[in-house]
Amino acid sequence: MYLEEYRKARQMGQKEAKRSQARGGSPYLPVLDEILAVETTCGEVDLGLAEIPIELIVGTRSAGRSKAFSHSFLPLMEEDSEFCHKWTSLCKAHMDSGITDPIKVYEYMHTFYVVEGHKRVSVLRWFGAVSVPAEVTRILPAKDGSRASNIYYEFVDFYQLSKINYLWFSGTGRFARLQEAAGKAPDEVWTDDERRKFYSFYSRFSALYGDKESKELSTRLTVADAMLLYLEFFGYDQVKSFTQSELKDGFLQLHKAFSVKKSQGLNPLKGLLNR
């Protein structure tokens, strides 16, 4: 049973690796050490234990483990390898009782690179896990005045208050606006209960995001961008208790508002993108 899971995962990994090569890229995991070799950084911060989104785990710290996985952490090693044996053992452990041991990662520019726990990430991703506990060390990029740097340091400030690590905006100023939209003062720390309730809303929102009714909104926006627009349109106190049906109705109302602006020759995203 577990070997069959490995076989299916490896076949998908081999196909993904071939597609990456055909496009002229590396078939293996990105390596943070190689990225940092051409970047300027300004220190590290130990963030301790945190629950991190699986989708934001994109690579490995060092090159030693990179060739064992495709870009999506699908396994590539032979079926008679020790690697395969360990992967299937983790597969059994996950099915029997769940994988709970934290992995170790570095965070750089809002993405995570694994130091320990590559196979745990692989197995958890294969079975559709959303997040994993991790010991996190943040590597701070240089403050160079670039758009990416400015957005990142706004995220760092917001994380200090909220400990929320799954949001990302495409422009500056929006983390502070989200703090305000959530009913928080500029320097107010979030409680554990506030974090849980916000994540519940975000999960329901992101599950809906991308439906055909919302595609006109999603063309140029990250999930967080669209969510901020939604919160500023309706108010967090109202939407946090919306049912999924009410959330979808809200998208339809936004869609109508956008359509009116377009019919008037206006840019419906201007208010969000240029504030």
Side-chain angles (χ1 to χ4, degrees), residues 20 23-26 28-66 71-73 103-115 121 134-182 184-190 202 218-229 231-232 267 269-275:
S20 297
R23 292 193 294 264
S26 169
Y28 308 120
L29 290 176
V31 178
L32 181 58
D33 283 345
E34 296 173 2
I35 296 170
L36 297 179
V38 294
E39 298 288 345
T40 303
T41 61
C42 57
E44 298 182 358
V45 179
D46 182 2
L47 300 183
L49 184 65
E51 196 75 16
I52 65 172
I54 285 275
E55 67 178 357
L56 294 181
I57 303 175
V58 301
T60 180
R61 174 64 203 246
S62 59
R65 300 292 183 90
S66 66
H71 274 239
S72 297
F73 274 87
I103 63 173
K104 290 185 179 181
V105 299
Y106 278 86
E107 184 251 298
Y108 179 68
M109 294 298 290
H110 197 238
T111 50
F112 297 94
Y113 299 82
V114 181
V115 180
V121 173
E135 296 286 347
V136 184
T137 301
R138 171 174 289 159
I139 298 177
L140 295 169
K143 291 185 177 181
D144 59 9
S146 67
R147 182 185 182 88
S149 172
N150 291 339
I151 294 172
Y152 182 76
Y153 274 97
E154 289 182 4
F155 160 71
V156 169
D157 291 340
F158 178 73
Y159 182 84
Q160 285 289 99
L161 300 172
S162 67
K163 296 298 184 287
I164 290 173
N165 58 17
Y166 49 83
L167 299 176
W168 190 253
F169 291 105
S170 62
T172 57
R174 297 175 201 175
F175 282 105
R177 284 168 55 193
L178 175 59
Q179 178 84 352
E180 180 182 358
K184 309 290 289 180
D187 296 322
E188 186 179 352
V189 175
W190 294 50
Y202 173 81
S218 66
T219 304
R220 297 171 58 187
L221 308 179
T222 68
V223 177
D225 287 332
M227 182 192 66
L228 178 59
L229 178 64
L231 291 178
E232 292 181 335
N267 177 2
L269 295 177
K270 187 175 181 180
L272 174 68
L273 298 178
N274 294 336
R275 272 184 59 180

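Computed from a predicted structure; not experimentally measured. One-based numbering along the sequence shown.
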A.B. asks: Taking the six-membered ring for Trp, is the centroid-to-centroid distance between F175 and F169 below 6.0 Å?
C.D. replies: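 That pair passes the under 6.0 Å test.
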A.B. asks: Given 3.5 Å as the limit, does a donor-acceptor pair link the side chain of T41 with the main chain of G43, or not?
C.D. replies: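 No, the answer is negative, given that no donor and acceptor are paired below the 3.5 Å cut-off.
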A.B. asks: For Q179, check side-chain contact (heavy atoms from CB on, under 4.5 Å) against everything at least two apart and list the hits.
C.D. replies: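 Q179 satisfies side-chain contact (heavy atoms from CB on, under 4.5 Å) with F158, L161, K184, E188, W190 once adjacent residues are dropped.
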A.B. asks: Where do V223 and Y166 land on the side chain to side chain contact (heavy atoms under 4.5 Å, CB included) test, with the steps shown first?
C.D. replies: CA-CA 10 Å; V223 177; Y166 49 83; over 6 Å; no
A.B. asks: For E154, is there any backbone N or O sitting under 3.5 Å from a side-chain donor or acceptor partner on R174?
C.D. replies: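 Looks like no, no N/O pair under 3.5 Å.
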A.B. asks: How would you list all residue pairs meeting salt bridge (charged side-chain N to carboxylate O under 4.0 Å, His left out) that involve residues 44-62, not counting sequence neighbours?
C.D. replies: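 Listed once each, the pairs are D33-R61.
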A.B. asks: Whether the side chain of S149 engages the backbone of S146 through a donor-acceptor N/O pair (distance < 3.5 Å, no angle test) should be reported.
C.D. replies: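 Pair absent, no side-chain N/O of S149 close to backbone of S146.
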A.B. asks: May I ask you to check whether H110 and Y152 place their ring centres under 6.0 Å from each other?
C.D. replies: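 So the answer is no for these two rings.
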A.B. asks: For Y108 and Y113, what are the C-alpha separation, side-chain angles and deciding distance, and is it a ring pair (Phe, Tyr, Trp, His ring centres under 6.0 Å)?
C.D. replies: CA-CA 8 Å; Y108 179 68; Y113 299 82; 7.3 Å; no
A.B. asks: Give a yes or no on whether the backbone of Y28 and the side-chain of H71 come within a donor-acceptor separation of less than 3.5 Å.
C.D. replies: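 Checking the backbone N and O of Y28 against the side chain of H71, a donor-acceptor pair under 3.5 Å is found.
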A.B. asks: How far does CD of E39 sit from CG of L32, to the nearest 0.5 angstrom?
C.D. replies: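 Going from CD on E39 over to CG on L32, the span is 10.0 Å.
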A.B. asks: Could you check whether E107 pairs with R138 (Lys NZ or Arg NE/NH1/NH2 to Asp/Glu carboxylate O, under 4.0 Å)?
C.D. replies: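 Looking at R138 together with E107, the answer is yes, because their closest N to O distance falls below 4.0 Å.
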